[in-house]
Amino acid sequence: MDGVTPNVTSGPTFYIFAFFTSENQRILILITVLLIYLLILSGNFLIIALISLEPRLHTPMYFFLCNLSTLDIMYVSTTLPKLMYVCHTGDHVMSYMSCMTQLYFYIMFTDTEGFLLTSMAIDRYVAVCLPLHYSLIMSKQTCFLLILPAWFMSSINASIITFFITNLTYLGMVDITNFFCDLKALMNTSFSDTSSLKTYIILNAVFIGFVPSCMILASYVRIISTVLKIKTSVGRWKTFSSCSSHVTIVIVYYGSAIILYLSESLKEDVVLSLMFVTLVPMLNPLVYSLRNRDIIGALRIIIQRKSQWVL
């Protein structure tokens with residue numbers, strides 16, 4: 001590069017490498033991702049429909065679950081359709097504007113997911129530890145006060161990080177070793193100083209990642225303490241089972257996020273990113289439907305109603 005003036009463009013073009021090198025690999029990944037995407041859409045739309053149609057599910061717990069399912073649909077729709085397009089057409093090129101838009105929504109939805117899981121932990125804490133005051137504390141106003149700031153703060157944070165990225169310098173065609181415009185890949189391929197962005201990301205990780213996870217942990221410490229005070233084993237199991245689905249999703253979400261963060265291999269990043277993007281949206285409806293009597297009961301009631309209408 002010495003003595004050569006680089007051709008810097010204000011709007012570079014990005015080349016999405018993804019996983020594959022052959023047409024057979026493209027077809028296999030296309031079919032796999034399509035099936036995962038359809039499973040996520042159908043499962044989460046089913047959760048949203050059941051909660052919307054069944055009055056018994058109009059409670060804070062299911063209000064948050066409905067928001068989580070809605071978020072998961074938008075979350076996977078930010079990345080998977082582009083991956084399927086690349087697999088189908090073999091066209092790896094992504095415009096600058098498309099890349100920045102995808103980055104913005106990916107960050108916003110990822111952050112919102114963490115905040116929503118925290119809100120759900122607070123809901124479970126109040127339900128288990130303060131049951132007599134549950135209806136008073138977890139009112140509609142409280143639920144909206146937990147949800148709206150989550151979306152707002154996530155949107156602001158995504159805007160700030162995207163602004164940082166748009167001010168970085170790239171040379172010509174930029175190779176992205178992932179199936180979407182990943183923040184880590186965009187930073188690694190830039191020719192600009194990213195120290196200020198790295199500092200912000202560290203501070204951001206404390207506020208967006210560490211603080212919510214501590215709130216979730218504190219909530220479950222209190223919940224476990226309360227559950228252990230219940231005299232009967234049946235009572236302990238019944239109380240904690242109301243939290244088991246949420247615990248499962250939290251472990252998968254933060255576990256996959258930590259593994260992805262600690263990964264140093266670009267090839268591993270691609271696989272881990274796909275797991276991070278798809279695991280929670282795919283498991284969410286399965287966990288809450290298979291392990292939740294209210295959801296199963298609501299599904300049976302709606303099926304019975306439909307059968308009566310047909311008859």
Side-chain angles (χ1 to χ4, degrees), residues 40 44 47-48 51 59-79 102-129 134 137-164 182-183 200-223 243 245-261 273 276-285 287-288:
I40 291 171
N44 283 285
I47 293 289
I48 294 169
I51 294 173
T59 64
M61 174 182 172
Y62 294 108
F63 170 76
F64 292 125
L65 178 57
C66 187
N67 272 270
L68 184 62
S69 291
T70 304
L71 172 66
D72 285 341
I73 290 170
M74 294 188 290
Y75 181 45
V76 295
S77 297
T78 302
T79 55
Q102 187 184 63
L103 175 69
Y104 169 81
F105 283 109
Y106 175 78
I107 294 172
M108 185 179 76
F109 294 148
T110 302
D111 292 350
T112 306
E113 184 115 16
F115 285 130
L116 272 179
L117 291 175
T118 306
S119 299
M120 295 173 80
I122 293 171
D123 172 71
R124 291 299 83 206
Y125 161 73
V126 176
V128 174
C129 301
Y134 181 75
I137 296 174
M138 297 305 297
S139 61
K140 288 184 179 180
Q141 291 83 354
T142 303
C143 292
F144 279 106
L145 284 175
L146 288 170
I147 290 294
L148 294 179
W151 286 93
F152 177 75
M153 289 187 292
S154 300
S155 176
I156 294 297
N157 181 56
S159 298
I160 293 172
I161 293 179
T162 305
F163 175 77
F164 270 113
D182 175 46
L183 177 60
Y200 177 79
I201 289 174
I202 293 172
L203 296 174
N204 176 72
V206 173
F207 178 70
I208 301 293
F210 182 71
V211 172
S213 62
C214 285
M215 293 177 66
I216 294 173
L217 181 61
S219 296
Y220 276 102
V221 168
R222 294 295 301 274
I223 288 171
C243 308
S245 297
H246 178 254
V247 171
T248 302
I249 297 300
V250 167
I251 291 174
V252 171
Y253 175 79
Y254 280 102
S256 57
I258 291 171
I259 293 172
L260 178 60
Y261 178 78
S273 294
F276 183 69
V277 167
T278 58
L279 268 181
V280 170
M282 187 167 53
L283 288 177
N284 178 35
V287 168
Y288 274 97

Quick one: side-chain hydrogen bond (donor to acceptor under 3.5 Å, both in side chains) pairs with a partner in residues 153-164, sequence neighbours left out? Tyr104-Ser155, Asp111-Asn157, Thr112-Ser154, Asn157-Tyr200, Asn157-Asn204

Please report the interatomic distance [atom1]([X]) to [atom2]([Y]), rounded to the nearest 0.5 Å.
| X | Y | atom1 | atom2 | result |
| --- | --- | --- | --- | --- |
| Thr78 | Tyr106 | OG1 | OH | 10.0 Å |
| Asp182 | Ser273 | CG | OG | 5.0 Å |
| Arg124 | Met138 | CZ | CE | 8.5 Å |
| Tyr75 | Thr278 | OH | OG1 | 9.0 Å |

How close do Thr118 and Gly114 get, heavy atom to heavy atom, and via which atoms? OG1-O, 2.9 Å

Not counting sequence neighbours, which residues clear side chain to side chain donor-acceptor pair (under 3.5 Å) with [X]? List them please.
| X | value |
| --- | --- |
| Tyr254 | none |
| Ser256 | none |
| Tyr253 | none |

For atom CE of Met153, decide whether the heavy atoms of other residues, nucleotides or ligands shown that lie under 6.0 angstrom number more than 12. yes

Less than 4.5 Å apart, side chain to side chain, heavy atoms only: is that true for [X] and [Y]?
| X | Y | result |
| --- | --- | --- |
| Tyr125 | Tyr220 | no |
| Thr248 | Leu283 | no |
| Leu117 | Pro212 | no |
| Leu183 | Ile201 | yes |
| Thr110 | Phe276 | yes |
| Pro60 | Tyr134 | yes |
| Ile73 | Pro281 | no |

Thr142 vs Ser139, test: side-chain hydrogen bond (donor to acceptor under 3.5 Å, both in side chains). Steps then yes/no. CA-CA 5 Å; Thr142 303; Ser139 61; 3.2 Å; yes

Phe115 and Ile208: side-chain contact (heavy atoms from CB on, under 4.5 Å), yes or no, with the steps? CA-CA 8 Å; Phe115 285 130; Ile208 301 293; 3.6 Å; yes

For Ile137, check side-chain contact (heavy atoms from CB on, under 4.5 Å) against everything at least two apart and list the hits. Val126, Leu130, His133

Show me the side-chain donor-acceptor pairs of residues 63-72 shorter than 3.5 Å, one per line, residues at least two apart or across chains.
from, atom 1, to, atom 2, distance (Å)
Asn67, ND2, Phe63, O, 2.9
Ser69, OG, Asn44, OD1, 3.2
Ser69, OG, Leu65, O, 3.3
Ser69, OG, Asn284, ND2, 3.4
Thr70, OG1, Cys66, O, 2.9
Asp72, OD2, Asn284, ND2, 3.4

Any sub-3.5 Å donor-acceptor pair from His246's side-chain atoms to Met120's backbone N or O? no

